[in-house]
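These notes are about the structure you will find just below.
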Amino acid sequence: MRLLLPLLLVAGSAAAQPYPANHPALWGRSIASQTSTYGLWSNPATIPVGDHDKRFRVTSGLGAYYNDSQGVVDASERVQTESENLQQTSRQRPLLPGDAQPLIRAFKELDGKVLTAGGGGGTFIPLNSVNGWDILAGFNTGNRTATSFEFDPRDEATLETAFALGAFRSNDLVSRLIASGVSVESFGVSTAKTFADRGPDGVGFTRLGFTLKNQEVTLFNRAIELSRFEEGELTQTHRNVKRFNHPNLDIGLFHRWRNWHVSGVVS
């Protein structure tokens, strides 16, 4: 028996912070950050201000995270080791009562623990402003996943009675590996304009923005019993998958006054 706890990666996306168009020192600056898979243009009013020199630029970014704070990888390695030890013992001699206890303890240690991970990236292209409206085209993709192990109490009885059969057979186990997650791909265009600009001292300004984008959302949830487990099954893209495709319009507002700011989005 071999356990495969897949490392599926979750996305970071790029976010931008707005500055008044008459702040040359801050012209065109953007701040990249890792956010959720839905973070693409979270507020269209915060897209970067266009460049004076009209140079063509393409900005791309990648992000990833991995969280094994519950020790899933180490616990699964112990299950792997104890499983191989039990199989080796069963080939050398008839199993005795208690031989399966190390594997049972390893299963119980792994039970319920969750590994989360994700990754993704985006590409953004600032376009020339039109009548004071800054324009940004972009594409973002990202996913978030979780993998866990569910130990079935029936397997404890199966393992404890394995000595009666004289051998250990992993095909009798019904515990499950579970993987679930969401993947989002977005493509769209944002536009924003600065109003009520109070001048280069940065006392205050207001920006209004709109984003029209198309999103494809993929959901998956897969559970594989150990008796039917084959390496790679959890990562097969056609199994237990639902896809949704829909357009989306966001309206955003951003207001800054001195060192304070407030923003809001209607999706």
Side-chain angles (χ1 to χ4, degrees), residues 1-15 33-44 60-70 72-73 75-76 110-124 136-152 154-155 173-190 210-252 265-267:
M1 175 181 62
R2 181 177 180 183
L3 293 181
L4 176 66
L5 296 178
L7 216 53
L8 305 175
L9 297 179
V10 120
S13 61
S33 64
Q34 181 175 322
T35 65
S36 72
T37 57
Y38 305 104
L40 176 63
W41 310 301
S42 58
N43 186 342
S60 296
L62 296 173
Y65 77 78
Y66 163 77
N67 182 358
D68 187 26
S69 59
Q70 299 184 20
V72 173
V73 172
S76 65
L110 180 60
D111 183 34
K113 292 185 176 181
V114 179
L115 180 150
T116 59
T123 298
F124 306 91
L136 177 74
F139 169 79
N140 183 79
T141 181
N143 64 79
R144 174 176 295 167
T145 65
T147 304
S148 63
F149 175 74
E150 182 181 90
F151 181 56
D152 193 304
R154 290 175 293 177
D155 285 347
L173 301 180
V174 293
S175 295
R176 303 188 303 167
L177 292 173
I178 302 172
S180 60
V182 58
S183 174
V184 179
E185 294 183 356
S186 303
F187 174 79
V189 177
S190 294
F210 304 90
T211 294
L212 180 62
K213 59 188 174 185
N214 186 75
Q215 290 184 317
E216 181 177 275
V217 180
T218 302
L219 304 175
F220 67 91
N221 185 28
R222 302 165 193 163
I224 306 296
E225 290 185 1
L226 297 183
S227 59
R228 297 185 294 108
F229 179 79
E230 293 181 5
E231 183 174 343
E233 281 195 10
L234 285 177
T235 57
Q236 290 177 0
T237 58
H238 64 280
R239 298 184 67 253
N240 304 101
V241 172
K242 294 182 179 180
R243 290 186 173 87
F244 307 90
N245 195 293
H246 59 86
N248 187 42
L249 175 65
D250 297 339
I251 303 174
V265 180
V266 177
S267 297

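We number each residue from 1, following the sequence as shown.
The two residues G121 and N140 come nearest to each other via the heavy atoms O-OD1, 3.3 Å. Closest of all the heavy-atom pairs between P44 and I251 is CG-C, 4.1 Å. Among all heavy-atom pairs drawn from S175 and F151, the shortest one is OG-CD1, 3.2 Å. N43 and G252 get closest at one heavy-atom pair: OD1-CA, 3.2 Å. Across all their heavy atoms, P247 and N214 have their closest contact at N-OD1, 3.8 Å. Taking all atoms of both residues into account, the shortest heavy-atom contact from F149 to D111 is O-OD1, 3.5 Å.
Atom-to-atom distance recorded for L173:CG and D155:CG is 4.5 Å, nearest 0.5 angstrom. Here the straight-line distance linking atom CG of D68 with atom CG of L115 works out to 4.5 Å at 0.5 Å rounding.
The side-chain hydrogen bond (donor to acceptor under 3.5 Å, both in side chains) test applied to N67 returns S69, not counting sequence neighbours. Residues satisfying the salt bridge (charged side-chain N to carboxylate O under 4.0 Å, His left out) test with D152, not counting sequence neighbours, are R154. Taking F210 as the reference, nothing meets the ring pair (Phe, Tyr, Trp, His ring centres under 6.0 Å) condition, with sequence neighbours excluded. Listed by chain and residue number, R176 satisfy the side-chain hydrogen bond (donor to acceptor under 3.5 Å, both in side chains) test with E150 (two or more places apart in sequence, or in another chain).
The backbone N or O of E216 lies less than 3.5 Å from no partner atom in the side chain of N245, so there is not a single donor-acceptor pair. In this structure, the side chain of K213 does not engage the main chain of S186 through any donor-acceptor pair within 3.5 Å.
Side-chain atoms of V241 and R222, non-hydrogen and from C-beta on, do get closer than 4.5 Å to each other. Looking only at side-chain heavy atoms (C-beta outward), V114 and V72 stay at 4.5 Å or farther from each other. Side chains of I178 and N221 form a contact here, defined as non-hydrogen atoms less than 4.5 Å apart. Within the 4.5 Å cutoff, the side chain of L219 has heavy atoms near those of the V182 side chain.
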